[in-house]
Amino acid sequence: MRLRHKPWASEELAKRPNLVIQQPEQHKGNWNNCFCTAQPLYVEVGTGKGKFLTGMAKQFPSINFIGVERYESVLLTAMERVEAEKLPNVKLLHKDVAQLLEVFAENEVDRFFINFTDPWPKKKHAKRRLTNERFLTIYKQLLKQDGEIHFKTDNQGLFEYSLHSMSTFGMAFKNVSLNLHQSGMEENVMTEYEEKFSAKGMPIYRLEATFRP
Ligand SMILES: C[S@@+](CC[C@H](N)C(=O)[O-])C[C@H]1O[C@@H](n2cnc3c(N)ncnc32)[C@H](O)[C@@H]1O
């Protein structure tokens, strides 16, 4: 992702504390209190500019959504998008996914979405992939008993790596697709990157996975 440095981003994000949660650690175990309604909690890691999050929150008002993103300049666009739609069921966190154990309690999350995460193709960078065992350990602790991970990517290498990484971790799969847009799946909300890659004719890979089959 090409990042445009926005030195004012931090200040802008801090002006919307009801949307961009400033000290998320304080809400650990009580995220439902941050929303108008107590309902299932879905978290998108590496949310980017928030297109998927916003689309999902509109489509599923009876779910609470949190988007996690480590770059403020990107999160700012997500914030503007969510604000424009006036969505009561979305919050944003400026955090690295590696820090999520500080922010959520065990069994607090119903679903994680990992969309078009950076593939980090070099072997020496494998630990940075959001489907590496380092991150799976975190998701496992935070997910409820029947919680799921939904993963989409355009990158065949990352998809194969993730299937291997998740199955080595003992996870079970369902609804695996090697060409999502030809699979007839309804209700697919496209992400920013998904739109870009599918417009170029690239197949989109997708899977759903659980830790406790
Ligand atoms: C390639 S973009 C995809 C954005 C969006 N999910 C989409 O599909 O359009 C990946 C995003 O994940 C974020 N990201 C990658 N690793 C992260 C991490 N460890 N913690 C938080 N965000 C991360 C990046 O900053 C970037 O915004």
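Positions are given from 1, in the same order as the sequence printed here. Just follow the structure's listing: the first ligand is 1, and inside any ligand the first atom is 1.
For ligand 1, the polar-atom distance check against Gly46 finds a nitrogen or oxygen pair separated by under 3.5 Å. At under 3.5 Å, a nitrogen or oxygen of Asp96, whether backbone or side chain, sits near a nitrogen or oxygen of ligand 1. Considering backbone and side-chain atoms together, Val97 places an N or O closer than 3.5 Å to an N or O of ligand 1.
At least one cation-pi condition fails for Lys152 and Tyr205: the charged atom is not both under 6.0 angstrom from the six-membered ring centre and inside a 45 degree cone around its axis. Under the 6.0 Å distance and 45° angle rule, Lys200 does not count as a cation-pi partner of Phe197. Note that Arg129 lies in the cation-pi zone of Tyr161, set by a 6.0 Å cut-off to the ring centre and a 45° limit from the axis. For the pair Arg128 and Trp120, the distance from NZ or CZ to the six-membered ring centre is under 6.0 Å and the angle to the ring normal is within 45 degrees.
Ion pairing between Glu25 and Lys28 fails under the 4.0 Å rule for side-chain N and carboxylate O. Ionic pairing of Arg70 and Glu72 is not present here: no N-O contact between side-chain nitrogen and carboxylate oxygen is shorter than 4.0 angstrom.
Of all atoms in ligand 1, listed by their number and element, those nearer than 4.0 Å to a heavy atom of Phe116 are 1 (C), 2 (S), 3 (C), 8 (O), 10 (C). Below 4.0 Å from some heavy atom of Thr191 lie the following atoms of ligand 1, by number and element: 7 (C), 8 (O), 9 (O). Atoms of ligand 1 lying under 4.0 Å from any heavy atom of Asn115, numbered from 1 in the order shown and given with element: 3 (C), 5 (C), 6 (N), 8 (O). Within the listing of ligand 1, atoms 20 (N), 21 (C) sit less than 4.0 angstrom from a heavy atom of Lys95. Taking every heavy atom of Glu192 and a limit of under 4.0 angstrom, the matching atoms of ligand 1 come to 9 (O). Contact atoms of ligand 1 toward Tyr71: 25 (O) (distance under 4.0 Å to a heavy atom of the residue).
At least one donor-acceptor pair closer than 3.5 Å links the side chain of Asn64 to the backbone N or O of Thr37.
Residue-level proximity to ligand 1 for Tyr193 is carried by backbone and side chain together, each with a heavy atom below 4.0 angstrom. Contacts of Leu130 with ligand 1, taken as heavy-atom pairs under 4.0 Å, involve the side chain alone. Using a 4.0 Å cut-off between heavy atoms, Lys49 makes no contact with ligand 1 at all.
Counted by atom type alone, Asn115 and Glu44 present one or more donor-acceptor pairs between their side chains at under 3.5 Å.
For atom 24 (C) of ligand 1, the nearest non-hydrogen atom from the set Arg70, Glu44, Glu69 belongs to Glu69.
The number of heavy-atom neighbours closer than 6.0 Å to CD of Gln141, taken from other residues, nucleotides and ligands shown, is above 12.
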